[in-house]
Amino acid sequence: MGLTVREVLASPCLADARVVAGESGLDRIVSRLNVMEVPDILPWVKPHELLLTTGYPLRDDPDGLIRLVGELDDRGLSALAIKLHRYIDELPPALLAEADRRGFPVIEFPQEVGFDDVLNEVLGILLGRQAALAARSEEVHRALVSVVLEGGELADLAEELATILAGPVLVTTPDGRVVAQAGDSEELASILASPAFDPSGRFRLETDAPETRPGTSHPFGAVVRIVAGRVDHSRIVAFSRTPVSPADVHGLERAATVAALAITKGLAVAAVEDRYRADFLRDLLTGRIEDLAAAVGHASSVGWDVDRPVIVGVAEIDPGQVPASVSGLALRPVQERFAAAWQTVLRQLDPGAPVASFHNEVVIVLGAEPGADLDRLVSELDRLVAGDRGGGRLSFSLGVSRVAADVSELRRAYEQARTAVRIGRRLQGAGARATFDRLGAYRLLALIPDSGELHGYVTDVLGELASDSHEAADLRHTLDVLLDAGGNVAEAARRLHFHYNTLRYRIEKLERLVGPFTTNAALRLDLSLALRVREMQR
């Protein structure tokens, strides 16, 4: 809350002042003024001050004046205004060079202007600016509090802010997904189509830069955080045709406080409703509800359409991204934001699709016709939820079931999705995307609950190849390629970039270790399954 040095120089008493050095720093903020009458002024200065002096304390110490510039700049002062020809006739060239290097304005002000003239006039302008800022902030605060007290939500707050600021306003999640918007429809369309948004429709908040990208019709704006209970809930993004004023930024910060109240209230209500809906969906997906017709009716009453062909998806945040020290209640906002991202996407993609958070997984039930291209659907969900992977969002794994023809098949579809996400992560690692139909033999292997039995099977079939040594891994890879090539030695050699004779030598070695797989079809099947099981158990 201050004036730039440039604005200070525009005041009538300094109309004839001259910037003699450090012109690149004229946009520094001045919020205080001080007068230097003693050599040891440094203990008494504060950041964002304009320091006035006649140079009297350092009239016999030119080097001290040069040092003073650097020391004032280091302490965050805004500028030095000096009246020459009283005790100092000219400033040392070294001082001017140092001020230019630092971008620290040095101003020569007229002889006929007194310190009291500068102090009174500039302080008057500063106090007037601060009073206007306080009044504007109070106006915004009262208007927004009134909206909340009348039961308004984020959309109502955005509408009120857009009216006050005379420009479009967005409310986004911490990763930039728009949850409320207000303002002229054409202006909003222009903003939403600008490079400020990634292809998934997420506002780019990676740097929290207030401006949108060059070339848009709205190059100026401001971004403030909405924080409640030490949790980062949202952002308010305001746009304007001209630079947003400090008063409006301060008003936005007050608005964020009010918005935090609305969000906290909404979260308290939503938490109860979401838990109730999540419990119902969990019971439906796990087969605890016997009267499916009643379940369909109840789902419809909360806006869900489950009486149609659907797929079930299970998304889980990949482990290792949240510090081990974060647990219990502190971990809830992470899972809640992840669920909110899915709810935002599904609300636009399929408004009747159930979305719920089950402890450490988010479950979706999305409409999909039989024969739908599930790989394409998974890619689209990934694009919409993950966006361009900016902003420090957490990676997640996703598993998708086959299409369930009706509500009676939801239980099986849920188990398929859970199997897909579990095996997909084992095979692909973090960020896995898997559909049940693409699991092949893995989905059968996943039905075997005894991991010890599977481990014994791998050891029995692969023998020495089951070890973790580099040589064993190399030979397993050769065996895998051979089996995948259908025993075609020439094709396998091409894929492995081996000479034909080299591969023949390796085949002989493999047969000594695991048996005559080139002539025994049953052994080839055992070996292929053992390799798949070992890959699952990594």
Side-chain angles (χ1 to χ4, degrees), residues 316 318-320 373-375 378-379 395 397-402 415-538:
E316 297 178 354
D318 291 320
D373 186 345
L374 296 186
D375 290 334
V378 168
S379 297
S395 73
S397 295
L398 173 65
V400 174
S401 72
R402 290 173 172 169
E415 289 303 323
Q416 290 172 353
R418 295 186 71 193
T419 298
V421 73
R422 185 175 70 253
I423 295 178
R425 182 180 282 146
R426 288 180 183 175
L427 299 179
Q428 303 172 27
R433 304 289 182 262
T435 59
F436 186 76
D437 273 338
R438 293 286 189 181
L439 295 179
Y442 292 110
R443 68 176 189 249
L444 297 177
L445 296 172
L447 297 176
I448 302 174
D450 189 347
S451 59
E453 180 64 29
L454 287 173
H455 181 75
Y457 177 77
V458 171
T459 303
D460 291 343
V461 174
L462 295 181
E464 295 180 24
L465 292 187
S467 73
D468 293 325
S469 69
H470 177 74
E471 181 182 9
D474 189 35
L475 287 172
R476 280 197 307 273
H477 178 61
T478 300
L479 178 59
D480 196 21
V481 173
L482 272 166
L483 294 172
D484 188 56
N488 187 319
V489 179
E491 174 62 17
R494 186 186 65 78
R495 295 186 191 179
L496 292 166
H497 305 288
F498 287 167
H499 189 276
Y500 184 87
N501 291 335
T502 301
L503 184 55
R504 292 299 314 176
Y505 168 76
R506 285 196 166 214
I507 292 173
E508 292 174 4
K509 185 172 183 178
L510 283 168
E511 290 197 316
R512 288 197 300 271
L513 293 171
V514 299
F517 67 92
T518 57
T519 58
N520 188 329
L523 179 57
R524 288 197 296 272
L525 176 60
D526 284 343
L527 290 169
S528 183
L529 285 174
L531 289 172
R532 300 289 84 77
V533 172
R534 195 183 189 286
E535 190 175 16
M536 277 179 54
Q537 294 180 331
R538 286 184 304 179

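What's counted below: heavy atoms across the whole structure, side chains too, no hydrogens, waters or symmetry copies. This is a predicted model, so every value here is computed, not measured.
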Residues Arg495, Glu491: salt bridge by 4.0 Å N-O rule: yes

Checking side chain to side chain contact (heavy atoms under 4.5 Å, CB included) between Leu479 and each of Leu527, Asp484, Ile507, which is the one that passes? Leu527

Smallest separation among heavy atoms of Gly399 and Ala420, with atom names: CA-CB, 3.8 Å

Can you list the residues that meet the side-chain hydrogen bond (donor to acceptor under 3.5 Å, both in side chains) rule with Asn520, with sequence neighbours excluded? none

Please say whether more than 12 non-hydrogen atoms of neighbouring residues, nucleotides or ligands are located less than 6.0 Å from CD in Glu464. no

I want to check something: taking the side chain as every heavy atom from C-beta on, are Leu510 and Leu482 in contact at a cut-off of under 4.5 Å? yes

Residues His499 and Asn501: closest non-hydrogen pair is ND1-N, 3.0 Å

From Leu475 CG over to Ser469 OG, what is the distance, rounded to the nearest 0.5 angstrom? 8.0 Å

When you check the gap from the basic side-chain N to the acidic O, do Arg433 and Asp375 get nearer than 4.0 Å? no

Work out which heavy atom in Gly431 is nearest to a heavy atom in Ser397; give both atom names and the distance. N-OG, 3.5 Å

Are any side-chain N or O atoms of Gln416 and backbone N or O atoms of Phe436, one a donor and one an acceptor, separated by less than 3.5 Å? no

Check against side chain to side chain contact (heavy atoms under 4.5 Å, CB included), Leu398 and Glu316: CA-CA 7 Å; Leu398 173 65; Glu316 297 178 354; over 6 Å; no

Indicate yes or no: at least one non-hydrogen side-chain atom of Asp474 is less than 4.5 angstrom from one of Glu471. no

Taking all non-hydrogen atoms of both residues, which atom of Ala530 and which atom of Val458 are closest, and how far apart? O-CG2, 3.7 Å

Can you confirm whether Leu531 sits close enough to Leu462 that some side-chain heavy atom of one is under 4.5 Å from a side-chain heavy atom of the other? yes

When you measure from the side chain of Arg476 to the backbone of Leu465, do you find a donor-acceptor pair of N or O atoms at a distance under 3.5 Å? yes

Hey, does the side chain of Ser528 reach the backbone of Arg524 with a donor-acceptor pair shorter than 3.5 angstrom? no

Side chains of Val421 and Val400, heavy atoms from C-beta outward: is any pair under 4.5 Å? no

With side chain to side chain contact (heavy atoms under 4.5 Å, CB included) as the test, would you mind laying out the steps for Phe517 and Asp526 before giving the verdict? CA-CA 9 Å; Phe517 67 92; Asp526 284 343; over 6 Å; no

Quick one: pull up CG in Leu513 and CD in Glu508 and give me the separation to the nearest 0.5 Å. 12.0 Å

Taken to the nearest 0.5 Å, the spacing of Glu511 CD from Arg506 CZ works out to 15.0 Å

Please confirm whether the backbone N or O of Ala417 pairs with a side-chain atom of Ser401, one donor and one acceptor, at under 3.5 Å? no

I would like to know whether Val514 and Val461 meet side chain to side chain contact (heavy atoms under 4.5 Å, CB included); could you show each step before the answer? CA-CA 7 Å; Val514 299; Val461 174; over 6 Å; no

